[in-house]
Amino acid sequence: MKPTLARADGMPGRKHTYNLWWGDKSGVRQKGLVQYTISPWQTKAAPQMFRTYLFNGYRRLSGELIFWVIPFGIGYGIYSWAKSFDHYQNSKAGHLASGAAEH
């Protein structure tokens, strides 16, 4: 295996370097470069993305639903209870029941 030459710093141009400036194709063709492309069948996967999400996404979200619905229901229950209790405390009946009307 041949060691690479040291990279000379500076502007573009050939100064006996293996690494050329960006886009310079005048140098020696590099070995070992592989170019990959996407298969035409893989590029057609996007049209079925929404249909796949409809079924697979529903399956995945329904499995997580219990972890969201139960805490949300508990939180909403506490919120609605506190709101009605606050409304009661600020009403005339609440003031009479707490004894704050005597002062």
Side-chain angles (χ1 to χ4, degrees):
M1 188 164 145
K2 182 175 132 182
T4 58
L5 300 172
R7 171 85 169 107
D9 61 352
M11 291 302 289
R14 239 179 127 144
K15 296 179 185 165
H16 303 291
T17 61
Y18 186 70
N19 293 329
L20 303 174
W21 196 255
W22 289 101
D24 187 7
K25 297 186 188 267
S26 64
V28 179
R29 184 168 170 85
Q30 295 183 0
K31 296 179 183 177
L33 294 179
V34 180
Q35 185 176 8
Y36 296 99
T37 59
I38 296 177
S39 168
W41 288 277
Q42 287 181 335
T43 59
K44 295 180 182 179
Q48 299 181 7
M49 176 174 51
F50 296 111
R51 186 176 64 89
T52 304
Y53 177 74
L54 200 64
F55 297 107
N56 191 31
Y58 175 76
R59 181 187 59 82
R60 291 178 64 191
L61 290 175
S62 64
E64 298 292 325
L65 199 61
I66 194 167
F67 299 109
W68 289 89
V69 171
I70 291 175
F72 179 79
I74 291 170
Y76 185 74
I78 292 171
Y79 168 75
S80 62
W81 169 82
K83 191 171 180 180
S84 65
F85 186 69
D86 181 59
H87 181 69
Y88 170 73
Q89 282 184 329
N90 290 328
S91 68
K92 188 173 184 180
H95 284 283
L96 289 174
S98 67
E102 297 173 1
H103 296 298

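Bear in mind that the values here come from a model prediction, so they are computed numbers and not experimental data. Positions are given from 1 along the sequence.
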key: Residues which pass side chain to side chain contact (heavy atoms under 4.5 Å, CB included) with Ala82, listed by chain and number, not counting sequence neighbours   = none
remark   = Contacts of Arg51 meeting side chain to side chain donor-acceptor pair (under 3.5 Å) (sequence neighbours excluded), chain-then-number -> none
note = For residues 51-79, the ring-ring contact (aromatic ring centres under 6.0 Å, His included) pairs (sequence neighbours left out) are none
inquiry  = Run the side chain to side chain contact (heavy atoms under 4.5 Å, CB included) test against Ile78 and tell me which residues pass, sequence neighbours left out.
reply    = Ile74
inquiry  = Is it the case that atom CG in Leu54 sees more than 12 heavy atoms from other parts of the structure closer than 6.0 Å?
reply    = yes
note = Residues Ala93 and Tyr88: closest non-hydrogen pair is O-OH, 3.9 Å
request  = Please list, chain by chain and in numerical order, all residues satisfying ring pair (Phe, Tyr, Trp, His ring centres under 6.0 Å) with Trp81, sequence neighbours excluded.
outcome  = Phe85
request  = List, by chain and then residue number, the residues other than Leu65 in its hydrophobic cluster (Ile/Leu/Val/Met/Phe/Trp/Tyr, side-chain heavy atoms under 4.5 Å); write none if there are no others.
outcome  = Val69
